[in-house]
Student: 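Let me give you the structure first, and then I'll get to my questions.
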Amino acid sequence: MAQPSLLTSFSSYLVISFFLFFLTYNVEAKVSCNPISYIVNETLYNSLFLHKDDAACPAKGFYNYSSFIEAAKSFPKFGSTGDLTTRKREIAAFFAQISHETTGGWATAPDGPNAWGLCFKEEVNPQSDYCDSTNTQWPCYPGKTYHGRGPIQLSWNYNYGPAGKALGFNGLENPELVANNSVIAFKTALWFWMTPQNPKPSCHDVMVGLYHPTAADRAANRTAGFGLTTNIINGGLECGIPTTAQVQDRIDYYKRYAQIFGVDVGSNLDCANQQHY
């Protein structure tokens with residue numbers, strides 16, 4: 001039997017090497033160019049938010065995958081900063097926080113309490129109109145309320161105003177859009193996640209290693225980790241006190257999603273020992 005020549009073997013080696021390089025490059029390119037849909041496809045998305053379209057959920061049909069992907073296009077650094085583990089961890093943290101804010105789960109819920117994220121699209125029985133009349137930069141519009149709406153439960157006129165300005169709608173005059181337009185709803189959640197609001201850093205920077213604590217942050221024990229994103233979102237009610245059921249729910253959602261993504265959760269999951277902003 002004829003033996004392959006050295007030239008033939010070398011040519012085969014080049015072909016295989018080129019194929020492996022192309023395969024690796026193609027995978028990395030997909031992650032870089034379209035990170036969210038590569039990491040979270042529609043099947044995975046629907047399995048994470050397993051009951052979001054149940055008849056029992058008021059937001060049934062609202063938080064669809066295509067709206068999430070469309071909204072994410074406006075925030076290209078979301079889920080695309082750092083290595084693949086960092087990207088997955090950030091997405092898991094974001095999903096955990098919006099799941100808690102919109103949860104419909106309860107202790108004995110089918111598939112567990114952390115399978116019911118994105119069940120609500122606005123606050124039920126708000127206790128006020130969430131209008132800070134002392135804020136003259138973002139004055140409240142007559143007859144409008146700024147209660148929690150959307151995945152992050154955007155609240156208060158001083159959040160609706162700048163969110164609307166950044167995203168191209170009048171958040172003060174038309175706050176209802178956050179509960180009526182699913183793309184805008186997701187955009188407001190991502191805007192809140194990605195945008196620093198002095199003295200608060202952005203949740204994004206915290207989760208991808210870009211958070212640089214000030215002297216005041218260090219004195220307040222505001223250390224990087226999932227717990228700091230809770231402090232940014234609702235620290236005034238949930239941080240600097242023993243871990244509440246609300247904080248634990250956020251953590252449990254995060255642990256579930258991180259496990260599904262195959263990444264560790266990191267340290268500093270709660271904010272019990274952090275002063276709130």
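Heavy-atom basis, side chains included; hydrogens, waters and symmetry copies ignored.
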Student: Grab the two heavy atoms, one from Cys140 and one from Asp132, that are nearest each other, plus how far apart they are.
Tutor: SG-N, 4.1 Å
Student: When you measure from the side chain of Gln127 to the backbone of Asn125, do you find a donor-acceptor pair of N or O atoms at a distance under 3.5 Å?
Tutor: yes
Student: Roughly how far, to the nearest 0.5 Å, is CD1 of Ile36 from CZ of Phe75?
Tutor: 12.0 Å
Student: Is any side-chain N of the basic residue among Glu90 and Arg87 closer than 4.0 Å to the acidic one's carboxylate O?
Tutor: no
Student: Would you kindly confirm whether Val208 and Val265 end up in one hydrophobic cluster when ILVMFWY residues are joined by side chain heavy atoms under 4.5 Å apart?
Tutor: no
Student: What pair of heavy atoms forms the shortest contact from Cys57 to Lys52, and how long is it?
Tutor: CB-O, 3.7 Å
Student: Could you walk me through whether Arg250 and Asp270 pass salt bridge (charged side-chain N to carboxylate O under 4.0 Å, His left out), step by step?
Tutor: CA-CA 9 Å; Arg250 296 177 192 272; Asp270 64 61; over 6 Å; no
Student: What I want to check is whether the side chains of His204 and Ser202 have a donor and an acceptor closer together than 3.5 Å.
Tutor: no
Student: I'd like to know whether the aromatic ring centres of Tyr254 and Phe95 sit less than 6.0 Å apart in this structure.
Tutor: no
Student: Is Asp264 salt-bridged to Arg89, cutoff N-O under 4.0 Å?
Tutor: yes
Student: State the OG1-CG distance between Thr223 and Asp217, to the nearest 0.5 angstrom.
Tutor: 10.0 Å
Student: Decide whether Leu269 and Tyr211 are clustered together by the hydrophobic rule: side chain heavy atoms of Ile, Leu, Val, Met, Phe, Trp, Tyr closer than 4.5 Å, transitively.
Tutor: yes
Student: Assess whether atom CD of Gln248 is packed by more than 12 heavy atoms of other residues, nucleotides or ligands within 6.0 Å.
Tutor: yes
Student: Is the backbone N or O of Trp191 less than 3.5 Å from a side-chain atom of Thr195, with the two atoms forming a donor-acceptor pair by type?
Tutor: yes
Student: Okay, side chain of Arg149, backbone of Ser155: is any donor-acceptor separation there less than 3.5 Å?
Tutor: no
Student: Is there a donor-acceptor contact under 3.5 Å linking the side chains of His100 and Gln246?
Tutor: no
Student: Measuring from Ile184:CD1 to Leu177:CG, what's the distance to the nearest 0.5 Å?
Tutor: 4.5 Å
Student: Test of understanding: clusters of I, L, V, M, F, W, Y form through side-chain heavy atoms closer than 4.5 Å, transitively. Do Phe49 and Val183 belong to the same one?
Tutor: no
Student: Hydrogens and angles aside, do Asn114 and Asp249 bring a side-chain donor and acceptor to less than 3.5 Å of each other?
Tutor: yes
Student: Using the side chain to side chain donor-acceptor pair (under 3.5 Å) definition, which of the options Asn221, Asn268, Asn231 pairs with Gln274?
Tutor: Asn231
Student: When you look at Ile152 and Phe186, which way does the side-chain contact (heavy atoms from CB on, under 4.5 Å) test go after all the steps?
Tutor: CA-CA 8 Å; Ile152 206 76; Phe186 274 120; over 6 Å; no
Student: Scan side-chain atoms only and decide if Thr85 and Asp83 contain a donor-acceptor pair under the 3.5 Å cut-off.
Tutor: no
Student: Answer yes if the side chains of Thr230 and Gln97 hold a donor-acceptor pair under 3.5 Å, and no otherwise.
Tutor: yes
Student: State which residue, out of Tyr253, Phe192, Trp193, fulfils the ring-ring contact (aromatic ring centres under 6.0 Å, His included) condition with Phe94.
Tutor: Trp193
Student: Report yes if the distance between the aromatic ring centroids of Tyr257 and Phe261 is under 6.0 Å, otherwise no.
Tutor: no
Student: Judged by atom type as modelled, is there a donor-acceptor pair below 3.5 Å linking the side chain of Asn135 to the main-chain atoms of Gln137?
Tutor: yes
Student: So how far is it from Ile91 CD1 to Ser80 OG, rounded to the nearest 0.5 Å?
Tutor: 9.0 Å
Student: Any sub-3.5 Å donor-acceptor pair from Tyr160's side-chain atoms to His147's backbone N or O?
Tutor: yes
Student: Apply side-chain contact (heavy atoms from CB on, under 4.5 Å) to the pair Lys255 and Ile251, showing each step before the final yes or no.
Tutor: CA-CA 6 Å; Lys255 286 181 175 178; Ile251 294 170; 3.8 Å; yes
Student: Do Lys60 side-chain atoms and Asp54 backbone N/O form a donor-acceptor pair below 3.5 Å?
Tutor: no
Student: Is the distance between the ring centroids of Trp156 and Trp138 less than 6.0 Å?
Tutor: no
Student: Check the angle between the aromatic planes of Phe68 and Phe78 and answer parallel, tilted or perpendicular using the 30° and 60° thresholds.
Tutor: perpendicular
Student: Would you compute the distance between atom CG of Asp53 and atom CG of Asn64 and round it to the nearest 0.5 angstrom?
Tutor: 8.5 Å
Student: Take Thr102 and Tyr63 through the test side chain to side chain donor-acceptor pair (under 3.5 Å) and record every step on the way to the result.
Tutor: CA-CA 11 Å; Thr102 59; Tyr63 294 116; 5.5 Å; no
Student: For the side chain of Tyr277 and the backbone of Asn234, is there at least one donor-acceptor N/O pair under 3.5 Å apart?
Tutor: no
Student: Verify the cluster assignment for Val178 and Tyr141: are they in a single hydrophobic cluster under the rule of side-chain heavy atoms below 4.5 Å apart?
Tutor: yes
Student: In Å, rounded to the nearest 0.5 Å, how long is the span from OG1 of Thr136 to CG of Asn157?
Tutor: 10.5 Å
Student: Indicate whether any N or O donor in one side chain lies under 3.5 Å from an N or O acceptor in the other, for His51 and Asp111.
Tutor: yes
Student: May I ask you to check whether Glu176 and Asn180 show a side-chain donor-acceptor distance below 3.5 Å?
Tutor: no
